[in-house]
Amino acid sequence: MKNKKLLTFIVAGLIVFVFLVMFKDKILKIIYPKTYKEVVQIYQEKYNIDENLIFALIKAESNFDNKAVSNRSAIGVMQLMEDTAKEVAIKNKIDIDYNNMKQELLNVDININIGTKYMTILLDKYESTEVALAAYNAGIGTVDNWIEKGVIKADGSDIENIPYKETNNYVRKILSNYKMYKELYK
């Protein structure tokens, strides 16, 4: 009786193992989807940025929830703060209704447009994906202050020194997501 249960357990384990090996990429693509692919492709091409980075950012920020609003009032799939989104939209002549920002930022197209442009601005400013991601989360002023005080290096080589635990974990999570997206969608 004991041997029969053990054999059943081993066979079931082997079946699960074979299933996972055979369908690993399919399962991972469910976990790491490219939801809103058409919209992301429009803006990644327009702003010349790797779409996999945008998908990694969206996954970490909202897990593709187009109605996401954080407890800090970040809005939409790319979790934009209204003031930041307004500033980016004005400076880059992105046509939105500034009197209805929350509703506008819940629009996936607008959110991805502004969020992708903002990430591009950060990448241009810092020339480091790690530092740009830290600024996306903690803010430009905070990251500039860290660099100025020598807390982190401008090249992002010591990103583990980010003093905010949330931002430190955030950067690591997105970099991990980014690596996974690049491997899955070669």
Side-chain angles (χ1 to χ4, degrees), residues 31-36 39-65 68-94 101 105 108 110-186:
I31 297 168
Y32 295 91
K34 283 200 166 184
T35 309
Y36 312 121
V39 178
V40 170
Q41 284 182 328
I42 289 167
Y43 297 111
Q44 69 87 200
E45 286 176 15
K46 181 176 183 178
Y47 301 127
N48 193 30
I49 187 171
D50 184 354
E51 74 176 41
N52 290 315
L53 180 58
I54 300 306
F55 285 114
L57 187 59
I58 293 171
K59 174 146 183 66
E61 286 288 358
S62 68
N63 202 26
F64 301 93
D65 179 0
V69 179
S70 77
N71 58 356
R72 293 186 181 161
S73 300
I75 302 168
V77 293
M78 293 188 75
Q79 290 292 279
L80 299 168
M81 299 300 288
E82 286 186 45
D83 289 344
T84 302
K86 186 174 183 179
E87 183 181 328
V88 170
I90 289 170
K91 284 183 180 176
N92 295 283
K93 298 179 175 74
I94 298 171
M101 284 298 290
L105 292 176
V108 170
I110 291 169
N111 194 283
I112 292 174
N113 184 0
I114 295 171
T116 302
K117 180 60 183 175
Y118 184 49
M119 190 63 206
T120 303
I121 291 166
L122 295 173
L123 286 167
D124 288 345
K125 176 177 174 56
Y126 294 109
E127 298 179 358
S128 160
T129 302
E130 296 83 358
V131 177
L133 289 169
Y136 194 98
N137 181 260
I140 292 171
T142 301
V143 170
D144 285 349
N145 188 23
W146 291 340
I147 292 169
E148 185 179 306
K149 290 182 176 179
V151 175
I152 64 169
K153 293 179 182 172
D155 68 1
S157 62
D158 64 344
I159 211 69
E160 67 278 357
N161 292 334
I162 292 173
Y164 292 0
K165 185 177 181 181
E166 176 191 329
T167 302
N168 196 309
N169 290 337
Y170 172 88
V171 171
R172 292 171 191 271
K173 181 178 185 177
I174 293 177
L175 291 174
S176 175
N177 288 351
Y178 187 29
K179 181 180 178 186
M180 185 61 74
Y181 273 101
K182 288 193 294 188
E183 288 176 12
L184 279 174
Y185 298 97
K186 295 176 186 170

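On a predicted model such as this, the values are computed, not experimentally measured, just so you know.
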Could you go through residues 113-123 and list every donor-acceptor pair under 3.5 Å that involves a side-chain atom there, pairing it with any protein atom two or more places apart or in another chain?
from	atom 1	to	atom 2	distance (Å)
Asn113	OD1	Tyr47	OH	2.5
Thr116	OG1	Ile112	O	2.7
Thr120	OG1	Thr116	O	2.8

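Contact annotation: the side chain of Ile152 approaches that of Val143 to within less than 4.5 Å [non-hydrogen atoms, C-beta and beyond]. In this structure the side chain of Val131 reaches within 4.5 angstrom of the side chain of Ile147, judged on heavy atoms. Proximity of Val171 to Tyr136: side-chain heavy atoms (C-beta onward) are nowhere separated by under 4.5 Å. For the pair Arg172 and Glu160, the minimum side-chain heavy-atom distance is below 4.5 Å.
Tyr178 carries Lys182 over the face of its six-membered ring, with the cationic atom under 6.0 Å from the centre and within 45° of the normal.
Between Tyr36 and Phe64, the angle of the ring planes lies from 30° to 60°, which puts this pair in the tilted group.
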Output, in order, the C-alpha distance, side-chain angles, deciding distance and verdict of side chain to side chain donor-acceptor pair (under 3.5 Å) for Lys34 and Asn52. CA-CA 9 Å; Lys34 283 200 166 184; Asn52 290 315; 3.1 Å; yes

Kindly indicate, with the supporting measurements, whether the criterion salt bridge (Lys or Arg N to Asp or Glu O under 4.0 Å) is fulfilled by Lys149 and Asp144. CA-CA 9 Å; Lys149 290 182 176 179; Asp144 285 349; over 6 Å; no

Between Tyr170 and Leu57, does the side chain to side chain contact (heavy atoms under 4.5 Å, CB included) criterion hold? Intermediate values first, please. CA-CA 10 Å; Tyr170 172 88; Leu57 187 59; 3.1 Å; yes

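Sparse packing is recorded around OH of Tyr164, with 12 or fewer heavy atoms of other residues, nucleotides or ligands lying under 6.0 Å away.
Between the CD1 atom of Ile58 and the CG atom of Asn177 there is a distance of 11.5 Å, given to the nearest 0.5 Å. To the nearest 0.5 Å, atoms OH (Tyr126) and CG (Leu133) are separated by 12.0 Å.
Here the closest heavy-atom approach between residue Ala134 and residue Ile162 is recorded as CB-CD1, 3.9 Å. Looking at every heavy atom in both residues, Ala85 comes nearest to Met101 through CB-CE, 3.8 Å. When all heavy atoms are compared, the tightest approach of Ile49 to Gln44 is O-NE2, 2.9 Å. Nearest heavy-atom pair across Thr167 and Ala138 is OG1-CB, 3.6 Å. Here the closest heavy-atom approach between residue Leu80 and residue Asn111 is recorded as CD1-O, 3.6 Å. Nearest heavy atoms, Ile174 versus Ala56: O-CB, 3.8 Å.
In the model, Tyr32 has no side-chain atom that pairs as donor or acceptor with a side-chain atom of Glu183 under 3.5 Å. In the model, Asp155 has no side-chain atom that pairs as donor or acceptor with a side-chain atom of Ser128 under 3.5 Å.
Of the possible polar contacts, none joining the Glu130 side chain to the Ile159 backbone as a donor-acceptor pair under 3.5 Å is found. Using modelled atom types, one side-chain atom of Tyr181 and one backbone atom of Pro33 make a donor-acceptor pair closer than 3.5 Å.
For residues 71-89, every residue pair satisfying the side-chain hydrogen bond (donor to acceptor under 3.5 Å, both in side chains) rule, not counting sequence neighbours, is listed here: Arg72-Glu166, Glu87-Lys91.
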